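Please read through the structure below; I'll follow up with questions.
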Amino acid sequence: MSTWFQGLNPEQQQAVAHNEGPLLILAGAGSGKTTVLVSRTGRLIAEGRTTPERVCVLTFTNKAARELKHRVAKKLGEKVAAKVWAGTFHGFGLRFLKEHHVAADLPKGFGVIDQGDAQAVLKDLLRDHSDYEKARMNLDVLMACIHHIRTKGRDDSFDNSPESAASVVLAPKYMRKLRGLGVVDFEELLLRPLQMMRESEELRQKMQRRFDFMMVDEFQDTNHTQMLFVDELSGGHRNLAVVGDDDQSIYGWRGAEIQNILGFPKRYKDCHVIRLERNYRSTSSILNLANSIIANSETRHDKVLKPSLNNKGELPELFVYENEEAEVDQVVREVMEFQKKGYRYKDIAILYRSNSQGGLMEGGLRRSQVPYKLSGGTALFDRKEAKDVMAFIRSAISPNEISFRRIINLPARGVGDKTLEAIEGLPGSASFFAKASEWAKANPNEKASEGILSLFEFLRGLKAQLSGGSPSAEAVLDHELRRIKYREYVNQSYRDAKSADSRWLCVNIIGRIMDGMFAKEGRSLATVEKFIERMELRDSLEDQDDPDANEVQMMTLHACKGLEFPLVFLLGLEEDLLPHARLGQNTDEERRLFYVGVTRAQKHLIMTRVEQRKRYGQMRPVAPSRFLLEIDTALIKELRGGRPFAPGDREAMLAGLYQKLNKQMGQKDI
DNA sequence: GGCAGAGTACTTTTT
DNA sequence: GTACTCTGCC
């Protein structure tokens, strides 16, 4: 038996051994799916069934793609691994469009805009329709309707909502607008290639011949377009292996269609189905609870997690507290107790449904000086300062209208609405950037002209210094942006110097990321271009968490997917929180969220709920989560008001408290 | 361009 | 009850 099968169970071996034809791998939580993906990739190459560049593995996150490449590299070497196409769906789409930008009718250095920019474009469009503007539509809903039209057309899911109606009119306008701006949004990154493959038989065949084997990770999270995209790419050979777990589908609200994985055997009738049910992560007590939770899910592929560790472990605990303050205090206390018992802080995760819960918890940990890391909140890319800096860099290297408009008057250089209108009004089909230059030269006496010309000069200098000079990119950005008084602008935007400083840090971080790329790939214009590309796909390259940091991990249930921790706290198991009050009828997805949280725990799971929680400024009684009522009560141990003190502990604690009080009193007296 | 007051949302956020 | 965004006015 070859090395690729070593240490694998029979089902994993089957999956790794699979050659031609469609394959569905139902990989339960902690069942070693990445190992299977890596080994199958390695085996196909090592056995000479294909060459590395003819294998394509699609993932959802940049991190997952990196991890996969890293593990393939360990087995086959860096050189071979680098040739495998492992990347995100969007990364694939971007590369496709770059290669075919002429056929795609896009400018050579077209940009990719994120959700925020896309929404701004839409909002701008809305201004031309005063009747729509008045209707006070929800932009998220409107954008979702537009996506729906772009991907599936107008179907019976359309109702009488103002958003539905408006989207019919706005969808074509929105797409035309993006074309005019010389950018694509994330959706278009996949839609346009799909359209192109469908319209050109030549292109389709070319793409279908490009790979011998395709694999898709986290298949339960694919959306409609991604399914069609994969269909199209693997249409020639049908060597398509998808890996996923329908029980961990938690992104339905973002367009993920669980039907893609549920219906895969129907879509690919001859597909081979392999279930990876052996769990290598958790104790059997935790798995029993997990199985009991998910068994209540309506639509799913039947499977159970079977324990492999010969360890029953302790029964998961459920603490019931009076209110959220008690919850915070007691969880902090538990964390410290477990730390004393030998858990490191980084072995402990605190999970919750919504970010606000994390904020609450954060206060408690800080008061007790427990080191922690809070993930989530606003990403670097969504910070205004980060977007500004990226707009400066893009405008210096290959400007598009969105990036240039963002900075044309930043910081203020006298370019107001009037000037912008004048620039727009210039005849011809030149880009906005070119027109701005034209206008500035034609109106030398205007104050705005001076501003625009100095901006051009700044951008030219920035381009030269970033792609060539010797000072680090961090130093160049810092210095140059101070020179044009962007630093002053940031200072003025915030009340205190401290928050301005922390915002300025975004500027420096971006510089550091660029320097990191220079170190790896050499300093050149091409590297700067690649840097922009990566940043636009939100690949910061710096999300590899510091493995040495000994900090309690705090994150939402969505963010914890794919991770594991010896000790997990799962907070707020209450109606209206989990399941969340604002869920539609999709209880199943909320239940899966609960399931995802539970299956993160390796050794010990502690759940909490409270009887009163503050909502909208009022203390309100809250009911236990319906999911707690569904499960067999014998699977958990319920404790009211926190863990009872062990003998002797109470005395020790009281003594400590008195000591502290005495000390404080003493200080006051002096 | 900057400020103040009104209005509104208080779920999650792989790209 | 609060924090953030938008609008309108100076």
Side-chain angles (χ1 to χ4, degrees), chain A residues 58-67 87-94 112-120 123 127 133 136 138-140 143-144 147 184-191 216-223 225-226 229 244 248-256 351-359 375-379 381-382 384 409-417 489 492-493 495 533-540 543 555-563 572 576-584 586 589-590 592-594 596-597 613-620:
Chain A
L58 294 173
T59 63
F60 276 85
T61 63
N62 296 302
K63 199 176 170 182
R66 266 200 298 278
E67 164 80 6
T88 62
F89 274 96
H90 294 87
F92 191 99
L94 179 62
V112 181
I113 60 168
D114 66 16
Q115 223 101 31
D117 288 340
Q119 233 170 49
K123 217 170 162 189
R127 264 182 243 282
E133 208 177 4
R136 295 263 206 81
N138 179 328
L139 267 184
D140 290 324
M143 192 57 108
H147 282 332
V184 295
D185 63 7
F186 285 134
E187 202 65 32
E188 198 71 1
L189 236 23
L190 294 176
L191 262 180
V216 183
D217 192 18
E218 304 278 17
F219 192 67
Q220 76 281 354
D221 292 333
T222 48
N223 63 26
T225 313
Q226 285 157 342
F229 194 68
Q248 292 186 68
S249 162
I250 53 175
Y251 283 104
W253 52 276
R254 265 180 130 255
L351 310 177
Y352 37 80
R353 175 65 231 259
S354 70
N355 279 314
S356 59
Q357 292 170 272
S375 328
T378 318
F381 303 105
D382 297 322
K384 182 190 179 303
N409 198 34
L410 191 83
R413 51 178 73 85
V415 184
D417 290 342
Y489 164 84
Q492 277 162 14
S493 309
R495 284 202 187 133
E533 214 171 86
R534 285 205 178 153
M535 293 298 280
E536 285 182 348
L537 291 179
R538 305 175 80 90
D539 184 3
S540 66
D543 51 9
M555 67 193 87
T556 64
L557 287 167
H558 283 91
C560 76
K561 198 176 68 169
L563 305 174
D576 295 351
L577 208 49
L578 185 72
H580 198 273
R582 297 204 83 209
L583 87 166
N586 204 350
E589 187 156 308
E590 297 285 311
R592 291 193 291 264
L593 217 36
F594 181 23
V596 166
R613 199 175 280 281
K614 212 183 236 168
R615 298 195 73 199
Y616 311 136
Q618 284 263 299
M619 267 308 207
R620 291 159 206 265

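Proteins come first, then strands; the chains are lettered A, B, ... in the order of their sequence lines, and each starts at number 1. In this text the structure is predicted, and so the values were computed from the model without any measurement.
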For this session: Take atom CG of A:Leu410 and atom C1' of B:dG1, then tell me their distance rounded to the nearest Å.
Result: 13 Å

For this session: Would you kindly give the CZ-to-P distance between A:Phe381 and B:dT15, to the nearest whole Å?
Result: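 So the CZ-P distance, A:Phe381 to B:dT15, works out to 8 Å.
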
For this session: Please list, chain by chain and in numerical order, all residues satisfying ring-ring contact (aromatic ring centres under 6.0 Å, His included) with A:His147, sequence neighbours excluded.
Result: none

Exercise. What nucleotide among B:dT15, B:dT11, B:dG2 has an atom nearest to a side-chain atom of A:Leu537?
Worked result: B:dT15

Problem set entry | Residues which pass ring-ring contact (aromatic ring centres under 6.0 Å, His included) with A:Phe594, listed by chain and number, not counting sequence neighbours |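 In terms of ring-ring contact (aromatic ring centres under 6.0 Å, His included), with neighbours along the sequence ignored, A:Phe594 is linked to no residue.
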
Problem set entry | Residue whose nearest DNA chain B nucleotide is more 5′ - A:Val415 or A:Phe60 |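 Of the two residues, A:Val415 wins.
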
For this session: Quick one: label A:Asn409 by what it contacts on the DNA or RNA (base, sugar-phosphate, nothing), any heavy atom closer than 4.0 Å.
Result: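 Sugar-phosphate, backbone atoms only, no base.
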
Problem set entry | Cationic N near anionic O, under 4.0 Å, A:Asp221 to A:Arg254 |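 The answer is no: the pair does not qualify as a salt bridge.
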
For this session: Not counting sequence neighbours, which residues clear salt bridge (Lys or Arg N to Asp or Glu O under 4.0 Å) with A:Asp140? List them please.
Result: none

For this session: Would you please confirm or rule out a distance under 4.0 Å between OP1 or OP2 of B:dT14 and any side-chain N or O of A:Asn62?
Result: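 For B:dT14, OP1/OP2 do not have a side-chain N/O of A:Asn62 under 4.0 Å.
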
Exercise. Got a sec, which residues hit ring-ring contact (aromatic ring centres under 6.0 Å, His included) with A:Phe89, two or more places apart in sequence or on another chain?
Worked result: A:Phe60

Problem set entry | Interatomic distance, A:Asp382 CG vs C:dC4 P [rounded to whole Å] |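 Spelled out: CG on A:Asp382 to P on C:dC4 is 15 Å.
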
Problem set entry | Distance, rounded to the nearest Å, where A:Asn586 contributes CG and B:dT12 contributes P | 17 Å

Exercise. Which is true for A:Glu218 with a 4.0 Å heavy-atom rule: it touches a base, it touches only sugar-phosphate, or it touches nothing?
Worked result: nothing

Exercise. Given atom CG of A:Leu351 and atom C1' of B:dT12, what is their separation to the nearest angstrom?
Worked result: 14 Å

Exercise. So does A:Lys614 have more than 12 non-hydrogen atoms from other groups sitting under 6.0 Å from NZ?
Worked result: no

Exercise. C:dC6, B:dG1, B:dT11: which one has an atom nearest the side-chain heavy atoms of A:Ala412?
Worked result: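 Shortest atom-to-atom distance from the side chain points to B:dG1.
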
For this session: Please measure how far the P atom in B:dT12 lies from the corresponding atom in C:dT5, and state the result in whole Å.
Result: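 Per the computed distance, 15 Å lies between those P atoms.
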
Seminar exercise, completed: Taking for A:Trp253 and for A:Leu189 the nucleotide of DNA chain B with the nearest heavy atom, the one nearer the 5' end belongs to A:Trp253

Output one line per pair: protein atom, nucleotide atom from nucleotides 6-10 of chain B, and distance, for all N/O pairs under 3.5 Å.
from	atom 1	to	atom 2	distance (Å)
B:dT8	OP1	A:Arg136	NH1	2.6
B:dT8	OP1	A:Arg136	NH2	3.2

Exercise. Which nucleotide, B:dT13, B:dG2, B:dT11, lies nearest any side-chain atom of A:Gln492?
Worked result: B:dG2

Exercise. Rounded to whole angstrom units, what separation is found between the CD atom of A:Gln357 and the P atom of B:dT11?
Worked result: 11 Å

Exercise. Roughly, in whole Å, what's the span from CZ in A:Arg254 to P in B:dT11?
Worked result: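 My rounded result for the distance is 17 Å.
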
Exercise. What integer number of Å spans the P atoms of B:dT13 and C:dT2?
Worked result: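 That atom pair is separated by 25 Å.
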
Problem set entry | Sugar-phosphate, base or nothing in reach of A:Phe89, heavy atoms under 4.0 Å |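 Result for A:Phe89 = nothing.
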
For this session: From the options B:dT14, B:dT11, C:dC6, select the nucleotide whose nearest atom is closest to the side chain of A:Asp221.
Result: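 In terms of side-chain proximity for A:Asp221, the closest of B:dT14, B:dT11, C:dC6 is B:dT14.
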
Seminar exercise, completed: Taking C:dC6, B:dT12, B:dT15 as options, the one with an atom nearest any side-chain atom of A:His90 is B:dT15

For this session: Could you tell me whether a side-chain N or O of A:Gln492 sits under 3.5 Å from a main-chain N or O of A:Tyr489, the two making a donor and an acceptor?
Result: no

Seminar exercise, completed: Across all chains, not counting sequence neighbours, the ring-ring contact (aromatic ring centres under 6.0 Å, His included) partners of A:Phe381 are none

For this session: Identify whether any heavy atom of A:Asp114 sits under 4.0 Å from a base atom; if not, whether one sits that close to sugar-phosphate; answer base, sugar-phosphate or nothing.
Result: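 No contact.
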
For this session: Please determine if a side-chain N or O atom of A:Asn223 lies less than 4.0 Å away from the OP1 or OP2 oxygen of B:dT15.
Result: no

Problem set entry | A:Trp253 ring center within less than 6.0 Å of A:His580 ring center |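 That pair fails the under 6.0 Å test.
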
Exercise. What's the closest nucleotide to the A:Asn355 side chain, out of B:dT15, B:dT13, B:dG1?
Worked result: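 Selected nucleotide (nearest to the side chain): B:dT13.
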
Seminar exercise, completed: Between NZ of A:Lys123 and C1' of C:dC6 the distance, given in whole Å, is 7 Å

